[in-house]
Participant: 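My structure is below; once you've seen it, I'll send some questions.
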Protein chains: 2
Amino acid sequence: MKKAEATRLTILQKAFELIYVKGYQTTSIDDIIATTKVTKGAFYYHFKTKDEMGLAIINEILKPTLTNSFIEPLQTEENPLDAIYNLMDNLLMKNDFLKVEYGCPASNFTQEMTPWNSEFNKALNELTQEWTKAITATIERGKKSGTIRKDVNAKQVTIFVMSGYWGIRNLGKLENSKKVYVSYLKQLKIYLDSLK
Amino acid sequence: MKKAEATRLTILQKAFELIYVKGYQTTSIDDIIATTKVTKGAFYYHFKTKDEMGLAIINEILKPTLTNSFIEPLQTEENPLDAIYNLMDNLLMKNDFLKVEYGCPASNFTQEMTPWNSEFNKALNELTQEWTKAITATIERGKKSGTIRKDVNAKQVTIFVMSGYWGIRNLGKLENSKKVYVSYLKQLKIYLDSLK
DNA sequence: TCTTAAAAATACCATTCGGTATGTTTTTTG
DNA sequence: CAAAAAACATACCGAATGGTATTTTTAAGA
């Protein structure tokens, strides 16, 4: 029972890439089995429905990525404000899996699925909550260490920063250029400095 | 030639509502003709393809709405920073067409269509450009009148503010609650105040 | 090694999709 | 009013959709 899990993982990874590029609804099972070269029988052996696969993508692909790329960097950097800024800078400018023309996978998923599939909604909410917690904790850390003012509302700032990130990803998609990222990052820095 | 245009408008309006709620791809022609009680023959008399209708929605429904709800309020309010804040407050908290659970129609459209349909992309880009110009002009106005610091980069601030709006709309969808709007608006005010 | 269950392949299905062909009914206009 | 064009109605089409039933192959454990 090793090759089977490999097959399953291949499906999840390739499907994720397709969905990231094309969207969930417009990525058909036939698309997926064509690019993975896995037959329909194999696909439906591993997943009861398309939505079960979608959920598996969120939990088994997106979640680990979130931890590695969105949360860990916050914890390794010592200065909290630098941590947040550098995270965004890395995600937007340096990460070479996330493409400007395709936006942020989690954000795309949310926009597409959230009003209609409550299971997706729940899974995506958990994802976002984790990121929220991590950013909030980073800010609280800064308040304790004195690098951030004590009157700063950590949760509010987190929401503000997160919304900026999601929004600029969407704007980047529209303009298909990282130029807007640069503008965003400059103002983000100014905003973050105002929390000192 | 009057009833015909009414039919056309009905299709556009009802289709827009459906798309706002369900998304473009998942709203079928059959959905549209069912809710409008217009036959397929009538539909295809007015629009060659579904995409032609989609474009018409952007240009004939979204664009006027943008002007009325997103741009004009900026020009009537005298204080520029108040204008921007009040605009966002109205859009997020008071506007009763835009629902928190469905997000922002323009943002939804962009997220869904922009990498795949260049015509949609172009139309949506024009839309966004108009809003960008209006906000930028408002900030420049503030710089001239002295209510905004001269060293403020108007274009950058515009991008930052817009991305926040789009992002918080998406976050609102996810949480299905205006609570996040309140947090966002508080931090927006703080950010805008820092431009004085 | 042989059995048995897991894993994968094949062929098919009902439904829905966007779109068309061909009418019929209204309006407009000369 | 009559003719012609505009506006709408009906029936249908091929392709694609998510999913299933059934068979075949592969691999694990006794």
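All heavy atoms count here, side chains included; hydrogens, waters and symmetry mates do not.
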Participant: Just so I know, are the side chains of A/Leu81 and A/Leu195 near enough to count as touching, which here means a heavy-atom distance under 4.5 Å?
Facilitator: yes
Participant: With a sphere of 6.0 Å drawn around NZ of A/Lys150, does it hold more than 12 non-hydrogen atoms of other residues, nucleotides or ligands?
Facilitator: yes
Participant: Taking DNA chain C as the partner, which of residues 41-50 of chain B come within under 4.0 angstrom of it by heavy atom?
Facilitator: B/Tyr44, B/Thr49, B/Lys50
Participant: Output all residues satisfying side-chain hydrogen bond (donor to acceptor under 3.5 Å, both in side chains) with A/Ser28, sequence neighbours left out; order by chain, then residue number.
Facilitator: A/Asp31
Participant: Quick one, which residues of residues 15-32 of chain A touch DNA chain C with a heavy atom under 4.0 Å?
Facilitator: none
Participant: When the distance from CD of A/Glu52 to P of D/dG19 is rounded to whole Å, what number comes out?
Facilitator: 10 Å
Participant: I need the A/Ser163 OG to B/Tyr165 OH distance, nearest 0.5 Å.
Facilitator: 12.0 Å
Participant: Decide yes or no for A/Tyr20 and A/Leu98: does some side-chain heavy atom of the first lie under 4.5 Å from some side-chain heavy atom of the second?
Facilitator: yes
Participant: Are A/Asp51 and A/Glu119 packed together at the side-chain level, in the sense that at least one heavy-atom pair is separated by less than 4.5 angstrom?
Facilitator: no
Participant: Check whether any side-chain N or O of A/Thr7 sits under 4.0 Å from OP1 or OP2 of C/dA7, and answer yes or no.
Facilitator: no
Participant: Side chain of A/Lys40 only, heavy atoms from C-beta on: which candidate in D/dA11, C/dA11, D/dC8 is closest?
Facilitator: C/dA11
Participant: State which residue, out of A/Lys143, A/Arg141, A/Glu140, fulfils the side chain to side chain contact (heavy atoms under 4.5 Å, CB included) condition with A/Ile148.
Facilitator: A/Lys143
Participant: Contact between A/Thr132 and A/Lys155 at the side-chain level, heavy atoms closer than 4.5 Å - yes or no?
Facilitator: yes
Participant: Atom CD1 of B/Ile33 to atom P of D/dC8: distance rounded to whole Å?
Facilitator: 14 Å
